[in-house]
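Below, read A as the first sequence line, B as the second, and so on, with proteins coming before strands; counting in each chain starts at 1.
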There are 2 protein chains.
Amino acid sequence: MNNNSVFINKLRSSGLRPTKQRIKICKLLFDRKNTFHFTINHLNNILKNKYVEKISLATVYNTVHAFKKMGYLKEISINSDKSYYDTNVTNHHHFFDENKRELIDLDDKDVGKINIKKVLPGKKINSIEVLVKIANNN
Amino acid sequence: MNNNSVFINKLRSSGLRPTKQRIKICKLLFDRKNTFHFTINHLNNILKNKYVEKISLATVYNTVHAFKKMGYLKEISINSDKSYYDTNVTNHHHFFDENKRELIDLDDKDVGKINIKKVLPGKKINSIEVLVKIANNN
DNA sequence: GATGTAAATTATAATGATTCTAAACTAGAG
DNA sequence: CTCTAGTTTAGAATCATTATAATTTACATC
Ligand SMILES: [Mn+2]
Ligand SMILES: [Mn+2]
Ligand SMILES: [Zn+2]
Ligand SMILES: [Zn+2]
């Protein structure tokens, strides 16, 4: 159970002022055991339910972008409808449940090492990610 | 070099009327040797340059959706800005060049077999795709 | 603790991709 | 040729996201 000072330090150390909005969002995103995958809309709804004082949607966007820029969040592209964000900022793989429309992390050991044999001159590999789309049986 | 009757048959056989708009788009998309990756905007621009008679943007969307539904096109999700479409409708992997912002097909042999070890009860795997983000060196 | 200033928040407008609507047009069956 | 369902179309609507510009806040300096 993190307390606010952890988040205040985290924000300060990366040049972000610890405002009450950012701290609330930090608590919501990072004060948990498991990876959290969410959309802006999802996050915004949770914030509306959890706190009386509203955080403007623009601030939710701004904050998520700031956290992404600082490497606290990672953006995942599943479809072009909306962006998904991930509190697991490492390079990793996903199941995407097409019925629940939600992401599930895959461990590297669930996928195995991927070795790309093709090389393009002048280009370097930035990331290798596997997306496994799953759906209900039958 | 396909002639129109190939496309007319293709459309007919899947219950789509061969209109002049659909035939033009077929020629543009499928009368080529290599896989074509495109966005709606990209396709629309090519059509505007290639033909004097304009095809309305709504028709371009309608047609691409119809082709996707019929399995002539595949949608690829790279980011949430816009959708990419692919004339290679098989399950396959991609490079995404972050500088040119374009997709490049990877052969299965460039990636190797991917064996997902994790199983979720009640769920089946629909597709497994690898996205390798690349960018200019240095 | 008061003051000044840059950073942040906010409501609202703008943007841009996509989808919807409803009227006009057309393919093709009969 | 006629009729009708399918298609195209311009334009409006929608929705996620970004921009704007005024207000508020954090916090360094006094
Ligand atoms: Mn989609
Ligand atoms: Mn993006
Ligand atoms: Zn994840
Ligand atoms: Zn492809």
I'd like a table of atom pairs between the protein and nucleotides 17-19 of chain D - only N or O on both sides, under 3.5 Å - with the distance next to each one.
| unit_1 | atom_1 | unit_2 | atom_2 | d |
| --- | --- | --- | --- | --- |
| D:dT17 | OP1 | A:Ser83 | N | 2.9 |
| D:dT17 | OP2 | A:Tyr61 | OH | 2.7 |
| D:dT17 | O5' | A:Tyr61 | OH | 3.4 |
| D:dT18 | OP2 | A:His65 | NE2 | 3.1 |

Interatomic distance where [atom1] belongs to [X] and [atom2] belongs to [N] [whole Å]:
X	N	atom1	atom2	result
A:Lys24	D:dT25	NZ	P	12 Å
B:Asn44	D:dT8	CG	C1'	14 Å
B:Ile78	C:dA17	CD1	P	17 Å
A:Asn79	C:dA17	CG	P	17 Å
A:Ile55	D:dT24	CD1	P	18 Å
B:Ile8	C:dT26	CD1	P	17 Å
A:His42	D:dA16	NE2	C1'	17 Å
B:Lys69	C:dT19	NZ	P	13 Å

Between B:Gln21 and D:dT9, is there a side-chain N or O to OP1/OP2 distance below 4.0 Å?
->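 For B:Gln21, the contact criterion (side-chain N or O under 4.0 Å from OP1 or OP2 of D:dT9) is met.
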Is any side-chain N or O of A:Lys54 closer than 4.0 Å to OP1 or OP2 of C:dT10?
->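 The answer is no; no side-chain N or O of A:Lys54 sits under 4.0 Å from OP1 or OP2.
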Verify the distance criterion only: is there a donor paired with an acceptor across the side chains of B:Lys123 and A:Asn137 at less than 3.5 Å?
->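 Judged by distance alone, the side chains do not pair up.
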Return yes if a side-chain donor-acceptor contact under 3.5 Å exists between A:Asn41 and A:Thr39, otherwise no.
->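 Judged by distance alone, the side chains do not pair up.
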Give a yes or no on whether A:Lys100 atom NZ has more than 12 heavy-atom contacts from other residues, nucleotides or ligands under 6.0 Å away.
->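 No, NZ of A:Lys100 has 12 or fewer neighbouring heavy atoms, counting only those of other groups under 6.0 Å.
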Return yes when atom NZ of B:Lys117 has more than 12 non-hydrogen atoms of other residues, nucleotides or ligands closer than 6.0 Å, and no otherwise.
->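 Counting other residues, nucleotides and ligands, NZ of B:Lys117 exceeds 12 neighbours.
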Quick one: are [X] and [Y] in side-chain contact, heavy atoms under 4.5 Å?
X	Y	result
B:Arg17	B:Arg22	yes
A:Asp81	A:Arg101	yes
B:Asp86	B:Lys74	yes
B:Ile134	A:Asn126	no

Within 45° of the ring axis of B:Phe95 and under 6.0 Å from its six-membered ring centre, is that where the NZ or CZ of A:Lys118 lies?
->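 Ring-cation test returns no.
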Could you pull out the protein-nucleic contacts involving nucleotides 27-30 of chain C (nitrogen or oxygen on both sides, under 3.5 Å)?
| unit_1 | atom_1 | unit_2 | atom_2 | d |
| --- | --- | --- | --- | --- |
| C:dA27 | N3 | B:Arg17 | NH1 | 3.3 |
| C:dG28 | OP1 | B:Arg12 | NE | 3.4 |
| C:dG28 | OP1 | B:Arg12 | NH2 | 2.8 |
| C:dG28 | OP2 | B:Arg12 | NH2 | 3.1 |

